[in-house]
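To start, the structure itself, in C-alpha cells.
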Amino acid sequence: MSQIVVRYILFSASHRKLFFLCVAFFAFSLNSYSQKKVIDSLKNKLVKTEESVGFKPQDTVYINLLNNLAYKIRYYQLDSLYSLSKKALDYSNDIHYIKGKVSAHLNLGAYYEDKGNYTKALSHLKKSQTLALTVNCIDHVLENHNAIGIVYEFQEEYSLALKEYLKGIEIAKDIKNIRMQAILNENIGILYAKQNDYKQAMQYYKEVNRLTDIMGDDVFMASSMCNLTHLYIESKKLDIAMHHINYSITILEKNEILDWLAMAYELKGKVYLYKKQYEQALFWYNQSKKLHTKILNDDRAEIDLLWGLAEANLGLGKSNIAKNYAIKGFNVAQRMNLTKEVKRMAKTLYKIHKNDENYVEALAYHELYQELADTISRKLNMRNLSMLKTEAQHDQQKQLLIAKNNQTLAKQKNYVYAFLIILLVLLLITFLVRRNEKLQKSLNKELNTKKNDLEKREIELQKTNATKDRLFSIIGHDLRGPIGAFQSLLDLFSAGEITKKELLEFIPKFRADIHHISFTLNNLLSWGQAQMNGVVTKPSRMFLEKIVDNNMNLLSEIADKKSIKMVNYLPDNTVVWSDVNQIDIVIRNLMSNALKFTPKNGVISISAKEMDNHWRICVSDTGIGIKPEIKTQIFKENSKITTFGTNNEKGTGLGLSLCKEMIENNKGSIWVESTIEKGAHFYFTLPKMEEKYEKAS
C-alpha cells in the first residue's frame, strides 16, 4: 500500500492457462489464512466453470471470476496482475463485454500506476471511464474518478487530482455510497497534508470519521487511522499518532489485512524514529520489512520503509547498513519519478556520508537535496493557488446547478398549487363525511384508553412483584450464605470449639465475602430503586479518568491477588455530561466483571475515542470471553444469567442490566464484542460536556 493514498480499484481479468500457475504460487506463498481462503474459493469456482459442459474462456462469468482473482493479488504479485488483466481484456474484446473491459482497463491502470508509468496508467483509466459512461455504469464511473485522481496525485498534478475527487464525491452522494464518500474525502485530506496544510486536511478527516462511524466497519476505520497517523506524525503530535496506530494495528492483526498492516508497522516505527528511540523504531520497521519480503510487492510503499530503516540504523551508528537501505530507496524513487522521495533519500545519504567524513559525496547529495527542495517549494506555492482556484470553480459550478434546479422547481410549483386547490376541495368533502365517524370513534377511544390504563397498572404490579421476588431470591441465595457462614464461625469461636488462631485464618475469606456482600448490596439497592421507584438522573460535568482511577484503587487488591494489570488509557480531557454516581456504578461493575472473568497475569484496560458529540469508552480484558448465546442475553432487563469467575467468584446477574439502564438514562448506549478465550470489549457512549455549561464553568 502507498503510505498516504487510499486504494479502491475494480477487479481485473485473467487468462485460463496462467490461472493454475498463479493460484498454485499464491495459495502457498500467502501467510494469511483468510486471504488464502478467498483465493482458494476463487480457484474452486474457476475449476467448476472450466469443467462445465460447453465451457469457453470468453464466458462472462469466467471473466468476472478471473477479475476477482487478479484484484486479490495486486499487492502480492504485480506482474501476474498485468498478465491476468491483459488476457481478461482480450477475452472481453472477443465478445464485446463492456464491463469486463472496464474492469480490465482499471486493473491495467493500477499496474502501470504501481510501476510509476503514469502516462500509460491514465490511458487505461480514461478508456475505462469512457466505456463505463457508455453503459451508464455509475459505480465504475465513480471508481474511475478516484483512480484517475490518485494517478494525478502521484504526478503531483494536485489541482487535477482535486477535480477528480470532488466530482467523485458528488456522484457518491447521489448514489448514497458512503464508503466512497469516505475514501474520496480522505484522499482530499491527503492532498492538503502533502501541501503541509494540516488544518485543512483535518477538516476532511473529520468528515471521514463521521462517515466511518455510519459504516461501522472496523477494518476501514483502522486503515483510515493509518493515514490519520501520518498526519499527526507530520504535525509532530506523536502521542496522538501512537494512540491511533496502536488501535489500527490491533484491528488489522485481528482481521489479517496484511498490506495495511505492513504500513501500520512502518508508521509505528516512524513515530519511534521521530522520538529518537531508534531501537524501537528499528524493531517495527523490521516487522514491516518481513511482510514486504515474504508477501507484498509494492515498490512505492517500500520506499518509505527503506527510508525508515536507513534513518533508524543511522541513529544507532550503523552507517554501512543505513547507506545500503538509503541507496536502494534512492534508486527506486528515481525509477518511479517520485521527486519528494528522491529529495528525502538525498538528505539521508547526505547525513550518512557526512557522518562517514566522505565530504565529496555528502556535498553532492546535499546539492541535489537543496535543488529538489527549492523546486518543490516553488511548485508548492503554485499548487496551493491552483487547488484554491479548483475548489472555488467547483463551488461556482455547484451554485449554477442549484440555480438551474431552482428555476425548474419554480415552474413545477405552479402545477403543484393547482393540484393543491383540487386536493383541498376533496379534503373538505372528506372531512364532512368523516366527522360523524370521528365522534363515534371518540367514545370507543375513551373506553379503550381506560382499558389500557387498567392493563398498564396490572403489568406494573406484576413487575413490582417480580422485583420483590428477585430481591428476596438474591438476598436468600447470595447474601444469606456468606452471612450464615460468618455467624456459624463466630458461634463456634464463642463456644470455644475453635481457637483465636484458627479464627484469624478465616479473615481473608471473611474479607472477600464482605467485599462481595457490599458490592452486591450496592447493586441491589441501585437496581431495586430503579425498578420500583425510578432513578432520577442528574447530569453534571465530570472527569471520567478520575472515576476510573478511583475504581482502580478500590479494586487494586483484587487485581493484585490475581496478578492482573489494570491500565487507564483515558486522556486528561475526557469530560462528559453525565450523572457521577450512576457512571461510577457502571465503571465499577464493568471493571469488577473484567476482574472476575480474567485469569491470572491478564490485562484490563480502559480507553476512549472522541466522536463529534460524544465519547466512546471501552473496557477491555484478556479473559475467557463470552459465549455467543450468553452475549445476546446479558443486557436484558429480566436476565438471570450469572456465572462463576476464573476463581469461582460469585455474581447476582444484575450488574450488566443495571449498567445498560444507567447508560441509557445518560443518553448513551452499551454493547459488547467478544471472542472466546481472547477476552471481551465492553463499549459504551456518553455525551460530551455541553458547550453552554463548559463556558459557564
Side-chain angles (χ1 to χ4, degrees), residues 1-4 116 194 196 226 229-230 232-239 241-242 245-246 249 261-377:
M1 290 292 288
S2 173
Q3 182 179 346
I4 54 171
K194 286 185 173 181
N196 301 327
C226 283
T229 296
H230 177 82
Y232 282 125
I233 291 173
E234 295 305 319
S235 55
K236 303 300 184 292
K237 297 178 181 179
L238 300 181
D239 290 335
M242 183 65 78
I245 202 60
N246 284 336
I249 288 174
L261 189 57
M263 173 181 167
Y265 287 156
E266 182 266 319
L267 283 170
K268 188 164 184 178
K270 194 172 185 179
V271 175
Y272 280 122
L273 186 65
Y274 276 42
K275 288 185 173 185
K276 296 184 179 180
Q277 297 176 14
Y278 300 115
E279 289 284 357
Q280 294 93 324
L282 188 58
F283 171 82
W284 288 104
Y285 278 123
N286 281 325
Q287 292 297 101
S288 179
K289 181 183 175 184
K290 289 176 184 177
L291 291 177
H292 277 275
T293 302
K294 294 181 179 179
I295 299 171
L296 303 179
N297 182 14
D298 188 354
D299 288 343
R300 186 181 294 106
E302 192 175 10
I303 295 173
D304 296 311
L305 174 61
L306 292 169
W307 175 81
L309 287 166
E311 288 285 341
N313 277 287
L314 180 60
L316 293 171
K318 301 176 182 179
S319 292
N320 288 333
I321 298 175
K323 187 189 302 180
N324 290 334
Y325 284 126
I327 290 173
K328 184 178 179 182
F330 182 83
N331 292 335
V332 175
Q334 278 195 321
R335 173 168 56 80
M336 299 188 72
N337 299 318
L338 299 173
T339 307
K340 293 180 75 173
E341 280 68 23
V342 172
K343 182 197 78 168
R344 184 169 59 168
M345 286 297 181
K347 183 177 181 180
T348 300
L349 285 165
Y350 156 71
K351 292 191 293 184
I352 293 170
H353 285 295
K354 181 182 177 183
N355 188 59
D356 292 342
E357 298 183 358
N358 186 348
Y359 298 114
V360 174
E361 289 291 331
L363 179 60
Y365 280 113
H366 186 270
E367 288 176 347
L368 175 61
Y369 165 77
Q370 195 62 51
E371 179 185 345
L372 293 174
D374 292 341
T375 301
I376 290 171
S377 178

Side chains of K323 and N313 only: does a donor on one sit below 3.5 Å from an acceptor on the other? no

Starting at [atom1] of [X], measure out to [atom2] of [Y] and round the result to the nearest 0.5 Å.
{"X": "N320", "Y": "L314", "atom1": "CG", "atom2": "CG", "value": "11.5 Å"}
{"X": "K354", "Y": "S319", "atom1": "NZ", "atom2": "OG", "value": "13.0 Å"}
{"X": "L291", "Y": "L261", "atom1": "CG", "atom2": "CG", "value": "5.5 Å"}
{"X": "Y369", "Y": "E367", "atom1": "OH", "atom2": "CD", "value": "14.0 Å"}
{"X": "S288", "Y": "E302", "atom1": "OG", "atom2": "CD", "value": "9.0 Å"}
{"X": "W307", "Y": "L349", "atom1": "CH2", "atom2": "CG", "value": "12.5 Å"}

Are there over 12 heavy-atom neighbours, none belonging to K236, within less than 6.0 Å of that residue's NZ? yes

Is the number of heavy atoms from other residues, nucleotides or ligands within 6.0 Å of NZ (K351) greater than 12?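 Yes.
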
What pairs with K275 under salt bridge (Lys or Arg N to Asp or Glu O under 4.0 Å), at least two apart in sequence or on another chain?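 Here the qualifying residues are D239.
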
For [X] and [Y], work out which heavy atoms get closest and say how close.
{"X": "A346", "Y": "L368", "result": "CB-CD2, 4.1 Å"}
{"X": "M345", "Y": "A326", "result": "SD-O, 3.8 Å"}
{"X": "A312", "Y": "Y285", "result": "CB-CD1, 4.4 Å"}
{"X": "L273", "Y": "A281", "result": "N-CB, 3.6 Å"}
{"X": "C226", "Y": "L267", "result": "O-CD1, 3.1 Å"}
{"X": "N246", "Y": "K268", "result": "OD1-NZ, 2.8 Å"}

Hey, what's the ring geometry for H353 with Y365, parallel, tilted or perpendicular (30° and 60° as the breaks)? parallel

Would a 4.5 Å heavy-atom cut-off, applied to side chains only, mark [X] and [Y] as touching?
{"X": "V332", "Y": "R335", "result": "yes"}
{"X": "L238", "Y": "Y232", "result": "no"}
{"X": "D304", "Y": "M263", "result": "no"}

Pair F330, K328 - check side-chain contact (heavy atoms from CB on, under 4.5 Å), show working. CA-CA 5 Å; F330 182 83; K328 184 178 179 182; over 6 Å; no

Strictly below 4.0 Å, N to O, side chains only: are K270 and E234 in salt-bridge contact? yes

Would you sort out whether I245 and W284 count as a side-chain contact (heavy atoms from CB on, under 4.5 Å), showing the intermediate values? CA-CA 12 Å; I245 202 60; W284 288 104; over 6 Å; no

Which residue pairs pass the salt bridge (Lys or Arg N to Asp or Glu O under 4.0 Å) test when at least one of the two sits in residues 279-292, sequence neighbours left out?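 Matches after skipping sequence neighbours: none remain.
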
